[in-house]
Trainee: 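I'd like to ask some things about the structure below.
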Amino acid sequence: MFLAKLVGIIPACSKIDFQMTHSHPISEEQEDCMRFRSLVGMGILSSWAVVTVAHAAPRFTLGNVPSYYQGTFGTGSHINIFYDATYFQFRNRDLRLKLMVPYISVSGLPQGARLTGGGIVHRPGTTQTQNSASGLGDIWLSAHYTVYQRTGLLPAVVPYAKVKLGTASATNGLGTGRNDYEIGVGLDETIGTRIFPFAHLGYRFVGNPAGGNLHNIWTYDMGSSFVATPRNILTAMFSGSESEQPGYAGPADIVFAWNYNVTRAGSGIQLYADKGLSNGSANYGVGLGAQIVF
């Protein structure tokens, strides 16, 4: 999937030697970067694994997640994408605000095709001409707010809003040059002290360039994190969306991630692998990221 979630709100865990907040331990910003289908969007990845300590005091996070994706994405060309997202996040007990600024380098992109917040669009039927380009990607802003804390069997409820600013070059195929807007909700649960299921459903209003004929889309993901040890977290996630371009398959991916927390505050690294399950996804993707929480 096109790159570019993993932080909700969980109660204190008494059976491990630190406390966590938010219902699944992978960080939202890293999950976003694992969803290259949104080039942040979820991925991004986003974003799709850092455990945070249970403090109500505000915290800041600075991180970077380089990723590589290879596949046809529903075209006749083998496309290679390097996506390097740097993000800055503020969060307290209920609110999370994030800014993500990516750098993109792409090769093998068919003439006329463009990267978007939901994959690749304007796919030509057949072409022998391919482009290579690099530069600033689309900047993403997002806000999440927990309106209901998890109690008993009821999950935490976390509505969110995201804005994709059309800062990537449309001329070079790195973007559409239009803004996208997404609203949605996340559900974060806890099973025992080690298992943290999550699910998200969103609706994206897609900016339509002249002659683009792009459609608004639903986005979704579900998965779970498992705390193997206080420092090691494993996550599996399925993520997908509709296609912005009619007549093509939407991206669908399965992601596996490993997070290692260096500090109790949540500073650490994340390694993940992405396997595309549809013709609209990358064949595979890999990423290695790090973040500092202060």
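Residue numbers count from 1 along this sequence.
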Trainee: Answer yes if the side chains of Ser67 and Tyr272 hold a donor-acceptor pair under 3.5 Å, and no otherwise.
Mentor: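 The criterion, which ignores hydrogens and geometry beyond distance, is satisfied for Tyr272 and Ser67.
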
Trainee: Below 30° counts as parallel, above 60° as perpendicular, anything between as tilted: where do the rings of Phe60 and Phe88 land?
Mentor: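 Parallel: the ring planes of Phe60 and Phe88 meet at under 30°.
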
Trainee: Hey, does Thr229 have a side-chain heavy atom less than 4.5 Å from the side chain of Val227?
Mentor: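 Val227 does not reach Thr229 side chain to side chain.
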
Trainee: Would you call Val157 and Thr146 a side-chain contact if the rule is heavy atoms closer than 4.5 Å?
Mentor: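 No, every pair of side-chain atoms sits at 4.5 Å or beyond.
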
Trainee: For the hydrophobic clusters of this structure (ILVMFWY residues joined by side-chain heavy atoms under 4.5 Å, transitively), does one cluster hold both Leu115 and Tyr103?
Mentor: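 Cluster IDs for Leu115 and Tyr103 differ.
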
Trainee: Please determine if Glu182 and Arg204 form a salt bridge, counting it only when a charged side-chain N lies under 4.0 Å from a carboxylate O.
Mentor: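 Judged by the 4.0 Å cut-off on N to carboxylate O distance, Glu182 and Arg204 do form a salt bridge.
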
Trainee: Taking it one step at a time, do Phe226 and Phe196 satisfy side chain to side chain contact (heavy atoms under 4.5 Å, CB included)?
Mentor: CA-CA 6 Å; Phe226 173 72; Phe196 305 97; over 6 Å; no

Trainee: Is it true that Tyr68 and Asn80 share a donor-acceptor pair across their side chains at a distance under 3.5 Å?
Mentor: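 Result is yes, a qualifying pair exists.
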
Trainee: Does the side chain of Asn213 come under 3.5 Å of the side chain of Asn208 through a donor N or O and an acceptor N or O?
Mentor: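 Looking only at side-chain atoms, Asn208 and Asn213 do not form any donor-acceptor pair under 3.5 Å.
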
Trainee: Give a yes or no answer on whether the side chain of Ser278 reaches the backbone of Gly280 with a donor-acceptor pair at less than 3.5 Å.
Mentor: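 Answer holds: yes.
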
Trainee: Please check if any side-chain donor atom of Gln291 sits under 3.5 Å from a side-chain acceptor atom of Thr61, or the reverse.
Mentor: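 Note: Gln291 and Thr61 side chains miss the donor-acceptor criterion.
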
Trainee: Where the side chain of Asp94 meets the backbone of Tyr145, is there a donor-acceptor pair that is under 3.5 Å apart?
Mentor: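 Not confirmed, Asp94 side chain does not pair with Tyr145 backbone.
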
Trainee: Would you mind reporting whether His78 and Thr72 have side-chain heavy atoms less than 4.5 Å apart?
Mentor: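 They are in contact (side-chain heavy atoms under 4.5 Å apart), so the answer is yes.
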
Trainee: Examine the side chains of Thr235 and Ser225 and answer whether a donor and an acceptor come within less than 3.5 Å of each other.
Mentor: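 Judged by distance alone, the side chains do pair up.
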
Trainee: In sequence, state the C-alpha distance, the side-chain angles, and the governing distance for Asp221 and Phe198, and then conclude on side chain to side chain contact (heavy atoms under 4.5 Å, CB included).
Mentor: CA-CA 8 Å; Asp221 68 75; Phe198 57 88; 3.7 Å; yes

Trainee: So do Ser241 and Trp218 actually touch side chain to side chain, heavy atoms under 4.5 Å?
Mentor: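 Not touching, per the 4.5 Å side-chain cut-off.
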
Trainee: Is there a side-chain contact between Gln89 and Arg96 in this structure, where contact means two heavy atoms from C-beta onward sitting under 4.5 Å apart?
Mentor: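 When only atoms from C-beta onward are counted, Arg96 and Gln89 do touch, with a gap below 4.5 Å.
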
Trainee: Tell me, yes or no, whether the heavy-atom count around Leu99 atom CG, taken from other residues, nucleotides or ligands under 6.0 Å, exceeds 12.
Mentor: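 Yes, because the 6.0 Å sphere around CG of Leu99 holds more than 12 heavy atoms from other groups.
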
Trainee: Under 6.0 Å between ring centres, would you say that holds for Phe205 and Tyr181?
Mentor: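 Judged by ring-centre distance (under 6.0 Å), Phe205 and Tyr181 do not meet the cut-off.
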
Trainee: Side-chain contact, heavy-atom cut-off 4.5 Å: His144 with Pro159?
Mentor: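 SC-SC contact between His144 and Pro159 ruled out.
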
